[in-house]
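Reminder, nothing fancy here: chain letters follow the sequence lines and each chain counts from 1.
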There are 2 protein chains.
Amino acid sequence: MQPKLKDIANALGVSPASVSNALRGTGRVSAELAERVRAEADRLGYRPGPAGRALRTGRSQMLGLILPDLSNPLFPRMAQAIQRQSETAGYGILIADSHGDRGGQEEAIARMLQRGVDALVIIPRRGTVIETLPVPHALIDTPSTPGNTVSADHRGGGATIVRHLAERGHSSLVLIGDSDASPVQRDRIAGMRESLGEGMTATTAWLEEDGISTCLEAIGRGATAIATTSDLVALQILGPLNEAGIEVPEQVALSGFDDLVFASVMRPALTTLVADSNAIGSHAIETLTAILEGRPSPPPMRVPMTLIPRASTALKTNPRQETIPC
Amino acid sequence: MQPKLKDIANALGVSPASVSNALRGTGRVSAELAERVRAEADRLGYRPGPAGRALRTGRSQMLGLILPDLSNPLFPRMAQAIQRQSETAGYGILIADSHGDRGGQEEAIARMLQRGVDALVIIPRRGTVIETLPVPHALIDTPSTPGNTVSADHRGGGATIVRHLAERGHSSLVLIGDSDASPVQRDRIAGMRESLGEGMTATTAWLEEDGISTCLEAIGRGATAIATTSDLVALQILGPLNEAGIEVPEQVALSGFDDLVFASVMRPALTTLVADSNAIGSHAIETLTAILEGRPSPPPMRVPMTLIPRASTALKTNPRQETIPC
DNA sequence: CTGAAAGCGCTTACAG
DNA sequence: CTGAAAGCGCTTACAG
């Protein structure tokens, strides 16, 4: 049986109120009594039970984390960062995924609220708008999403990879994503387009819309670099490129996004960009705990994406090279 | 403000006790009153608050999930399966990871207990023994781990891939894992070794112990197939093979384990084996809820691993082919 | 069949 | 500085 507050009070012949005050540093308690209480609490290994505290304070000391899809390879890092940060802040993390659809997201939020979470961290489904919620919440989506609390600077990442390719002599690019229904992917592509330099051209393609063909055609017309919105997209393009006899990076440069687990280990190793998940997680948690604890809450934050140059874009390309027959 | 039990009682002019009994189907309540209570509860959108219930019943209706490392690519699927199953059973899931070491695992367990979880699902760190715990727990490790509740049949998976390779004419194999400190990997390799047929030979290697060199040497001596313990290991071997001028699957067959996200999309697509995460998750949750709710708890379970044949082992190999110069 | 009462373990005004 | 009391929202014996 776990020791209770009353056990300490009885052992010391004082009231439970004084024990509680001594342990929390609230109310007036003499230093001497406080010390005796702490010693006895340590001896017994006492920890306040969550149920009694929650009932009295109205706070569960738990945060809910809503993910669109736990099996998405990008989310584990976020979940890990958020879990560790919230633990440091003294909150537990309840998880739920949105079961792949929008109704699922609303249900997941409703379940979390019923379980009494003090606040929510939400990584929303593509383009979902979060209605008013009865608890504070932090949104991790894209800087262009209204109400976004913190996220990677996807647009800046797009700009960075295009500059990287430009420095290597690439002037004709293919920009390719999975789906333009994704705000994250749209922002990455937008950032790429915005920073095309003088004389640079780019074809945009989406995997959903026969993007592989579009991509191969553009290469046939002289494109020398493919900037994708995700390592997974890059990996999916590698096969068709090989089959078409196009070598990476010798004939075409290729880049990804997110530094997924296979990016460093595939051949050629994939140039990619990644944001610091811990920075994102800690800003989300800091924002929430600030609100919960009455501190001033920080402004929204945009975490930069860092380029990780690898073999897939290592070669300098002569912008006037012959076009590859397709 | 969320409606309380008392609000329903007041609105109907009955006691909170009757409302509680009506809603839970316990105690004696007339059908007529039960119906009125349900109607009013629906109208108000009443849900019992978790704090009051937890304090009274001693149950939090939450399960803790302890993972060695949330960022491990294998765990998201498990976490997702467990989360969904426990949700169906009416339990929330608190997550914690072990921060990469054994002490971290013990701390994570202690934190979960302090938060009042009713039971734990533990995917233990390599070779960790779980001491006695004050709540029921389900262990997901390997069938050979004492106290294991449910897990994939890693040994059977090893046997399956070796038979698959044997059918394709391979008789000289390399079996390679990351680390023999991992019970899962040891079981997979053991299953492989056990089912080597007549006249088959195999070299075992570990990445940790310069396994790549061992592997290349074995191929130099005539091995025609590499069975790895993980898709990630297979991916890591592909580069050195390419550099050595060894083609997959033309000269050497290659297989993985776990069907990670890149396995189907890499080139060549990777033959692999996978267990049904939902089956594992639901057995773990069923075991725990059975104990918590006083039902007979099911025996330990071993979930079969299914072969997913892909291009990387598609070719029949002549066992007497020339050896490749190394 | 129904309701009044007690109590789960805490914290927080409040009185002394 | 310290303690007695009330109460957070529920559920469960128990009395009527």
Side-chain angles (χ1 to χ4, degrees), chain A residues 1-38 40-41 44-62 90 113-118 134 292-294, chain B residues 1-38 40-41 44-62 90 113-118 134 292-294:
Chain A
M1 192 61 189
Q2 278 286 97
K4 310 299 179 191
L5 198 58
K6 208 194 335 180
D7 299 329
I8 301 179
N10 289 346
L12 262 38
V14 302
S15 77
S18 292
V19 174
S20 178
N21 282 326
L23 256 22
R24 329 188 69 242
T26 59
R28 263 89 287 270
V29 180
S30 66
E32 185 267 341
L33 178 54
E35 185 44 43
R36 280 170 60 214
V37 167
R38 271 193 298 272
E40 183 67 8
L44 262 37
Y46 169 78
R47 313 283 335 204
R53 166 184 294 188
L55 187 56
R56 175 66 222 226
T57 63
R59 290 285 173 82
S60 64
Q61 295 294 114
M62 293 190 311
L113 295 175
Q114 273 166 36
R115 293 201 180 277
V117 297
D118 295 335
L292 290 172
E293 292 159 16
Chain B
M1 192 62 188
Q2 278 285 97
K4 310 297 178 191
L5 198 57
K6 208 195 333 182
D7 299 329
I8 301 180
N10 289 345
L12 262 39
V14 300
S15 77
S18 292
V19 174
S20 178
N21 281 327
L23 255 22
R24 328 188 70 243
T26 58
R28 263 86 292 268
V29 179
S30 68
E32 185 267 342
L33 177 55
E35 185 45 42
R36 281 170 58 212
V37 168
R38 272 192 298 271
E40 183 66 9
L44 262 38
Y46 169 79
R47 314 283 336 205
R53 166 184 295 190
L55 187 55
R56 176 65 224 225
T57 62
R59 290 284 174 85
S60 63
Q61 295 294 115
M62 292 190 311
L113 294 175
Q114 273 167 34
R115 292 200 180 277
V117 297
D118 294 335
L292 290 172
E293 292 158 17

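Looking at heavy-atom distances under 4.0 Å, B:S20 makes contact with a base.
Closest non-hydrogen pair, B:S18 versus B:V29, comes out as O-CG2, 4.1 Å. Annotation for B:A9 and B:S15: closest pair CB-C, 3.9 Å, computed over non-hydrogen atoms. The shortest heavy-atom contact between A:A34 and A:A22 is CA-CB, 3.9 Å.
Taking every heavy atom of residues 3-19 of chain B and every atom of DNA chain C, pairs under 4.0 Å involve B:V14, B:S15, B:A17, B:S18, by number. For the contact set between residues 47-59 of chain A and DNA chain C, defined by any heavy atom under 4.0 Å, the members are A:R47, A:P48, A:G49, A:G52, A:R53, A:L55, A:R56, A:T57.
Protein chain A contacts DNA chain D from D:dC1 to D:dG9, reading 5' to 3' and using non-hydrogen atoms of the protein with a distance under 4.0 Å.
For the side-chain hydrogen bond (donor to acceptor under 3.5 Å, both in side chains) test, residues two or more places apart in sequence or in another chain that qualify with A:N21 are A:T26.
Sorted by first then second residue, the side-chain hydrogen bond (donor to acceptor under 3.5 Å, both in side chains) pairs that include residues 44-62 of chain B, not counting sequence neighbours, are B:S60-B:D118.
Salt-bridge check for B:R36 with B:E32: passed, with a basic side-chain N closer than 4.0 Å to an acidic carboxylate O.
Between A:L23 atom CG and A:E40 atom CD the span is 11.0 Å, to the nearest 0.5 Å. B:K4 contributes atom NZ, which lies 11.5 Å from atom CG of B:L44 (distance to the nearest 0.5 angstrom). B:R115 CZ to A:M62 CE: the interatomic distance, rounded to the nearest 0.5 Å, is 8.0 Å.
Counting heavy atoms from C-beta on, the side chains of B:S20 and B:L5 come closer than 4.5 Å.
Stem analysis of DNA chain C (at least three stacked-register Watson-Crick or G-U pairs, each with both distances under 3.5 Å) gives C:1-3 with D:14-16, C:5-12 with D:5-12, C:14-16 with D:1-3.
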